[in-house]
Number of protein chains: 2
Amino acid sequence: MAKPLILVSNDDGITAPGIRTLVKVAMRVGEVLVVAPDGPQSGMGHAITIGNTLRLDRSIAFEDLGVEAYECSGTPADCVKLAKHHVLKDRKPDLVVSGINHGSNSSISVLYSGTMSAAIEAAIEGLPSIGFSLCDYGHEADFSHTEEYVERIIRQALAHRIPENTALNVNFPKKSEEPIKGVKVCRQAHAKWQEEFDERLDPRNRKYFWMTGSFVNFDKGEDTDEWALLHNYVSIVPCQFDMTAHHAIGQINESWEL
Amino acid sequence: MAKPLILVSNDDGITAPGIRTLVKVAMRVGEVLVVAPDGPQSGMGHAITIGNTLRLDRSIAFEDLGVEAYECSGTPADCVKLAKHHVLKDRKPDLVVSGINHGSNSSISVLYSGTMSAAIEAAIEGLPSIGFSLCDYGHEADFSHTEEYVERIIRQALAHRIPENTALNVNFPKKSEEPIKGVKVCRQAHAKWQEEFDERLDPRNRKYFWMTGSFVNFDKGEDTDEWALLHNYVSIVPCQFDMTAHHAIGQINESWEL
C-alpha cells in the first residue's frame, strides 16, 4: 500500500526548528512534501496575497532528510493554495499539518495564527488538516516531549478521519519536569489579548509603537483548551470555518426593524 | 443626550471612496472618529503586526467634514486595537463600523477579509460592530444605493444592540437598475474560492505568480448570504469568534485513541 502523502507548512518560516520536528515525525508515518513561507509570517491570520506577486522556489532546507521542499514568499494560506493547485496539481494529500508553532495558538489566538490559517485553508479545500503549536515562544524551544503525541495524533487522524469541514488546533504545554498527563478534546476558551502600545521616538523624533499585551482568560470552564494546557494536558480543539453565530439570527429577526 | 460615538475603519485604506460614504452616513447618526490603514490592506484576514513597528499619525483625509481621523501603518485589526487602547483610551465607542469594502465579503470571504477582521476584533474587545461590503470591486463603485440601508442598520444596532460576542457581516448587491428588495439575516453560505495561479517570468527570467480564481458556491440553501445577494437583498450574517466545531468534540472523543 502506498504511504500516505503528508503536506507540511508553518508560519515561522521554513528554517524554524518547529517545522523540522514536524517533518521528522511526519516522515515516520508517510511521504512528506513541504511548502512553507521563506520567512516568518507569525500573526498573519488568514491573510492571502492578492495585490502582489508570489514567489515559489525549490528549497534545500530538508535536503539532508531527502524531503522535497518549496519556499514561498507568501502567507501560510498562500502556501497551502500554491501546494494544492500548483505543486501537487492532481495529487491529493492525505493530510495537511502545520507547525510546530513556536508559541501558543490556544483560545482566541487561533484567529491571529498563521499556523492555524494554513490548517483552516486546507479544511476549506476539503483536506484533513491539523495545526500544532507549542506554548513556548523561544527559538530554542524544546519540542522533544511533543513528538510521541504528534505522531499519535497524525496516525489517529489518518485512521479515523477528521470530522468534515474541520481543522484540529493542537497545543502542547511547554516542556517541564512534570510529564504530560494526556490529551483533551476541548472547546476554545473565551479569552482575549489585552493590548498595550509601547510608544517610542525614532532617531528622527517621529513616534512609533510596538504592540505588547497580556493574555486574559475570562473562561472558568474545565472543558477549554486553556484549562487543559494549564493542567499539563495536550489540547485539541476542532475548528470550523463557518463563522455564523446561528443563535443570533433569530435574535435579530425578532427585534430589529430592517 | 450625547451623540453616540462611532469608530470607523476599513481595509481599502483611509482614502478609499467606500470609507468616505460610511463616514458621511455615520455622521448622520453620531460623532465619528476614523482610525484606518494608510494604504490598502485587502485580504489581510485577521493579521496583526507583532514583529514590526506601527505608525499612527493624524490624517487630513476627513478634515473637510470636520472629522478627527488617524492613519495607521498596520492592518485593520491593528487599527481597532490602537483606536481602543491608544486613541480613545477611557472613551468607549458605542459602535464600530468597517468598510464600506470595495468587493464582496460574503460566505467564505469573511475569513480573508480585512474589513471583517476590524469588526471581529471590535467584538473580541466587547464592542458592538458591523462590517459593510459592496459586491463591486471597482475603485469607481457606486455606493449610493447602500446609504439608506447603512443608516438603518446602524440605527437598529444602536437601538437593539448586536447580540454579544458577535459582529455583523453586511453585504450589498452591486448597484443595478432593479431596486434592492430588502434585508435578509442569513447564515454564511458553504462556498470557496477555486484558485488558479497565473505563472509569469520576470525581466530576469525568474518565475513568479499571481493568484487568481473563481468563486464556487456549494450551498443550495435559501437561507444563505449568497442566495440573498443573488436575489438582490442586503445580507446580514452575525459572525462569532468561537471557532470551535462543538459537534466534532463528541465525534473525536468517541472513536480516537488518544
Side-chain angles (χ1 to χ4, degrees), chain A residues 40 42-51 53-56 77-78 81-82 85-86 108 110-112 117 120 124-125 152-153 156 160 163 166 182-183 185 187-188 190 192 195-197 207-211 236-246 248-249 251-253 255-258, chain B residues 40 42-51 53-56 77-78 81-82 85-86 108 110-112 117 120 124-125 152-153 156 160 163 166 182-183 185 187-188 190 192 195-197 207-211 236-246 248-249 251-253 255-258:
Chain A
S42 297
M44 284 306 285
H46 211 98
I48 50 171
T49 302
I50 47 177
T53 58
L54 284 165
R55 297 283 189 177
L56 180 77
D78 291 333
K81 287 176 185 287
L82 270 163
H85 297 290
H86 183 78
I108 195 69
V110 67
L111 285 185
Y112 307 104
S117 79
I120 290 170
I124 294 170
E125 294 282 0
R152 192 180 312 157
I153 293 166
Q156 290 291 311
H160 298 290
T166 302
V183 179
V185 188
R187 63 176 174 84
Q188 173 186 324
H190 185 205
K192 71 163 193 167
E195 273 79 21
E196 281 171 40
F197 290 93
K207 270 192 303 188
Y208 68 99
F209 300 86
W210 287 104
M211 190 186 292
I236 302 183
V237 177
C239 295
Q240 61 190 1
F241 48 84
D242 177 6
M243 305 278 285
T244 313
H246 290 273
I249 294 177
Q251 278 183 59
I252 296 171
N253 272 329
S255 54
W256 291 35
E257 282 154 41
L258 296 162
Chain B
S42 296
M44 284 305 285
H46 211 99
I48 51 172
T49 303
I50 47 178
T53 57
L54 285 166
R55 297 284 189 175
L56 181 76
D78 291 332
K81 287 177 184 286
L82 270 164
H85 297 289
H86 184 79
I108 196 67
V110 68
L111 286 185
Y112 307 104
S117 78
I120 289 169
I124 294 170
E125 294 281 0
R152 192 181 311 158
I153 292 166
Q156 290 291 310
H160 298 290
T166 302
V183 179
V185 187
R187 64 175 174 84
Q188 173 185 324
H190 185 205
K192 71 163 193 168
E195 271 80 22
E196 282 172 39
F197 290 93
K207 270 192 303 190
Y208 67 99
F209 300 86
W210 288 103
M211 191 186 291
I236 302 183
V237 177
C239 295
Q240 61 192 1
F241 48 84
D242 177 7
M243 306 277 286
T244 313
H246 290 274
I249 294 177
Q251 278 183 58
I252 297 172
N253 273 328
S255 53
W256 291 35
E257 282 153 42
L258 296 162

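In this text the structure is predicted, and so the values were computed from the model without any measurement. All chains are named by letter (A, B, ...) in the order of the sequence lines, taking the proteins before the strands, and each is independently numbered beginning at 1.
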*Asks:* Quick one: side chain to side chain contact (heavy atoms under 4.5 Å, CB included) partners of A/Pro40, sequence neighbours excluded?
*Replies:* none
*Asks:* Please verify the inter-ring angle class for B/His85 with A/Phe197; under 30° counts as parallel, over 60° as perpendicular, anything in between as tilted.
*Replies:* tilted
*Asks:* Between A/Pro163, A/Pro238, A/Ala77, who has the most heavy-atom pairs with chain B when the cutoff is under 4.5 Å?
*Replies:* A/Pro238
*Asks:* Measure distances from A/Leu82 to the heavy atoms of chain B and classify the residue's part below 4.5 Å as side chain, backbone, both or neither.
*Replies:* both
*Asks:* Mind checking the NE2-OH spacing from B/His46 to A/Tyr112? Nearest 0.5 Å is all I need.
*Replies:* 4.0 Å
*Asks:* So which residue, B/Ile120, B/Leu56, B/Val110, ends up with the most heavy-atom pairs under 4.5 Å with chain A?
*Replies:* B/Leu56
*Asks:* Check for a donor-acceptor pair, side chain of A/Gln188 on one end and backbone N or O of B/Phe241 on the other, with a separation under 3.5 Å.
*Replies:* yes
*Asks:* I need the residue from A/Val183, A/Ile50, A/Leu111 with the largest number of non-hydrogen atom pairs under 4.5 Å to chain B.
*Replies:* A/Leu111
*Asks:* Of all of B/His160, B/His190, B/Arg55, which one pairs up most often with chain A through heavy atoms under 4.5 Å apart?
*Replies:* B/Arg55
*Asks:* Out of B/Cys239, B/Ser42, B/Gly51, return the one with the most heavy atom pairs under 4.5 angstrom to chain A.
*Replies:* B/Cys239
*Asks:* Between A/Ile153 and B/Trp256, what is the shortest heavy-atom contact and its length?
*Replies:* O-CZ3, 4.1 Å
*Asks:* Give the member of A/Gly45, A/Ala245, A/Ser117, A/Gly182 that has the highest number of heavy-atom pairs under 4.5 Å with chain B.
*Replies:* A/Ala245
*Asks:* Less than 4.5 Å apart, side chain to side chain, heavy atoms only: is that true for B/Trp210 and A/Thr53?
*Replies:* yes
*Asks:* State which residues pass ring-ring contact (aromatic ring centres under 6.0 Å, His included) with A/Phe209; sequence neighbours excluded, sorted by chain then number.
*Replies:* B/His86
*Asks:* Just give me the residue among B/Thr244, B/Ile108, B/Val185, B/Ile124 that pairs up with chain A most often, heavy atom to heavy atom, under 4.5 Å.
*Replies:* B/Thr244
*Asks:* Between chain B and each of A/Val237, A/Asp242, A/Thr166, count heavy-atom pairs under 4.5 Å; write down the option with the most.
*Replies:* A/Asp242
*Asks:* Do you know which of A/Glu257, A/Lys192, A/Met44 has the most heavy-atom pairs with chain B at a distance under 4.5 angstrom?
*Replies:* A/Glu257
*Asks:* Quick one: what part of A/Arg152 sits under 4.5 Å from any heavy atom of chain B, side chain, backbone, both or neither?
*Replies:* side chain
*Asks:* Looking at A/Gln251, A/Met211, A/Glu195, A/Glu196, which one has more heavy-atom pairs under 4.5 Å with chain B than the rest?
*Replies:* A/Glu195
